[in-house]
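In listed order, ligands and their atoms are each counted from 1. Throughout, residue positions are numbered sequentially from 1 according to the sequence presented.
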Amino acid sequence: MSAREELTPILFSVPFRAPAAPENLAAVIASDHVHGDGPFTKSATVKLVELTGTQNILLTTSGTAALEMAVRLLGIGAGDEVIVPSFTFSSGASSIVAAGGVPVFVDIEGDSGNIDPLEVEKAITDKTKAISVMHYGGAPVDMDAIMAISRKHNIPVIEDNAHGLAVQSRFGALGTIGSVAIQSFHDTKNVHCGEGGAVLINDPSLVEAAEIMREKGTNRSKFLRGQVDKYTWVEWGSSYLPSELNAAVLDAQLDAFDGIQERRFEIWNRYSAELSDWASSLGGKVMTPAHGEHAAHVFYVLMPDHDKRDGLLEHLRSHGVIGTFHYVPLHSSPAGQKYGRSVGSMEKTDSFASRLARLPLWPGMSDEQVAYVIETVKAYK
Ligand SMILES: *Cc1c(COP(=O)(O)O)cnc(C)c1O
């Protein structure tokens, strides 16, 4: 085999295998507690509390489920508006629609991909019930500006922190700043359990409601703690809690978190150092987090135009490297047009999404594979 055949294909993302996962899973299967909220749920939750610094965290079946809970917890219902960036994952808007609300799309800042606080302020009406921000790549949104708008208009903030677990930013730890925040543990995320998520309840007045909502609308959590002598249906809820099987995998992943992040940062830093001259020479640029911090969740290049971006992805593919774009802007998606509305120009969103190319980034990549990606990217002119 040639050297290239041994290295390729280099997939875009390969889920991390946590060393302790098989043992943890075997323990759950051998136990009589396979449903949710058992020992591994408790253990993983404690680890998340330590990593993020916020006290009230509930594991969920997905990041999407956590977003649905966040929207419902803030009381969003029929006709209520929630301001979201158009450049985000579909669940950021779909969760609002699930509650009967209307996603109001606004533009991003041109170089971070994060929601532009100035555009948020312009989109506020008397129907606005929340502002939902997403820290792209775990690089912080300008939360000082967002929280100032939140206080001025008395509108709560949801942080979609699917990419930025445990990122310490100048604004505070990501996921601990807004009233409610979410994490995703999908297997494309830095830490995963196949499918899973968490909701972080930073506003203490929402904690009890969150427990009830996650437990099918019952006060079962209080019952299990001995605070009530029977449990019953008390509010709208659903089944948002993951089984112990998922929690067991998550717990093993969280044990490996430091090592995962160390390797992801090594690769990210190499891409950044070795590709920035190449990107500039073509009139583009490499990912440059505006406030310094990020989660090494994604590494992207902003190409000078759409054709050059598609050309780069095609070139990589023909050499066995899978890169990818990110987010068809939601304001122009079929469901975005049907359910949402836009305020202001979407020029930066359209430009960013049409020029962005992400490179493979996962902890199991070998140094040779990283070098091969860099060499292949640089061969594109
Ligand atoms: C992955 C992701 C989600 C959804 O998470 P799931 O666990 O897949 O439901 C939400 N928002 C963003 C920004 C994501 O990247």
Side-chain angles (χ1 to χ4, degrees), residues 12-13 15-16 44 48 57-72 82-99 103 105-106 108 112-115 130-141 143 146 157-167 174-175 178 180-200 214 238-243 245-247 249-250 253-254 264 287 289 294-300 324-331 333 335-336 340 349 352-353 356 358 361-362:
F12 177 68
S13 172
F16 179 74
L48 287 171
I57 298 182
L58 296 171
L59 298 192
T60 59
T61 46
S62 66
T64 301
L67 279 166
E68 289 180 12
M69 282 187 66
V71 166
R72 296 268 186 173
V82 180
I83 299 170
V84 278
S86 172
F87 185 75
T88 190
F89 189 64
S90 55
S91 303
S94 198
S95 53
I96 298 161
V97 175
F105 301 115
V106 299
I108 52 171
S112 67
N114 282 336
I115 197 165
I131 302 163
S132 186
V133 304
M134 190 271 283
H135 304 291
Y136 185 58
V141 167
M143 290 308 285
I146 293 292
V157 172
I158 299 171
E159 285 179 85
D160 178 342
N161 193 34
H163 301 176
L165 178 64
V167 170
L174 300 191
V180 193
I182 73 101
Q183 304 292 155
S184 165
F185 304 123
H186 184 268
D187 79 2
T188 50
K189 302 294 156 57
N190 290 20
V191 163
H192 79 89
C193 59
E195 301 272 1
V199 60
L200 284 63
R214 177 172 164 273
S238 190
S239 182
Y240 286 128
L241 72 171
S243 88
L245 294 166
N246 292 72
V249 175
L250 181 62
Q253 292 262 330
L254 290 168
R264 294 190 79 103
M287 175 179 176
H294 64 94
H297 174 61
V298 293
F299 183 89
Y300 62 81
T324 182
F325 64 94
H326 222 174
Y327 304 138
V328 172
L330 296 181
H331 75 276
S333 68
T349 298
F352 195 80
L356 183 144
R358 292 182 293 157
L361 177 53
W362 35 278

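- Heavy-atom contacts of G196 reach the following atoms of ligand 1: 7 (O) (cutoff under 4.0 Å).
- Every atom of ligand 1 is numbered from 1 in the order shown, and the set under 4.0 Å from a heavy atom of T64 is 4 (C), 5 (O), 6 (P), 9 (O).
- The backbone N or O of L330 sits less than 3.5 Å from a side-chain atom of S333, completing a donor-acceptor pair.
- Per-residue contacts place M134 under 4.0 angstrom from the following atoms of ligand 1 (heavy atoms of the residue considered): 13 (C).
- Closest protein heavy atom to atom 11 (N) of ligand 1: D160 OD2, 2.7 Å.
- Of all protein heavy atoms, the one closest to atom 15 (O) of ligand 1 is H163 NE2, 2.8 Å.
- For H192 and F16, the ring centers are positioned 6.0 Å apart or more.
- Only the side chain of A162 comes within contact range of ligand 1, with a heavy atom under 4.0 Å; no backbone atom does.
- Where the criterion is an N or O separation shorter than 3.5 Å, residue side chain and backbone included, S184 meets it with respect to ligand 1.
- For atom 2 (C) of ligand 1, the closest heavy atom belonging to the protein is K189 NZ, 2.7 Å.
- Which parts of ligand 1 touch Y327 is read off a 4.0 Å heavy-atom cut-off, strictly below it: atoms 13 (C), 15 (O).
- With respect to atom 3 (C) of ligand 1, the closest heavy atom belonging to the protein is F89 CD2, 3.5 Å.
- Between the side chain of R214 and the main chain of M69, no donor-acceptor pair closer than 3.5 Å is present.
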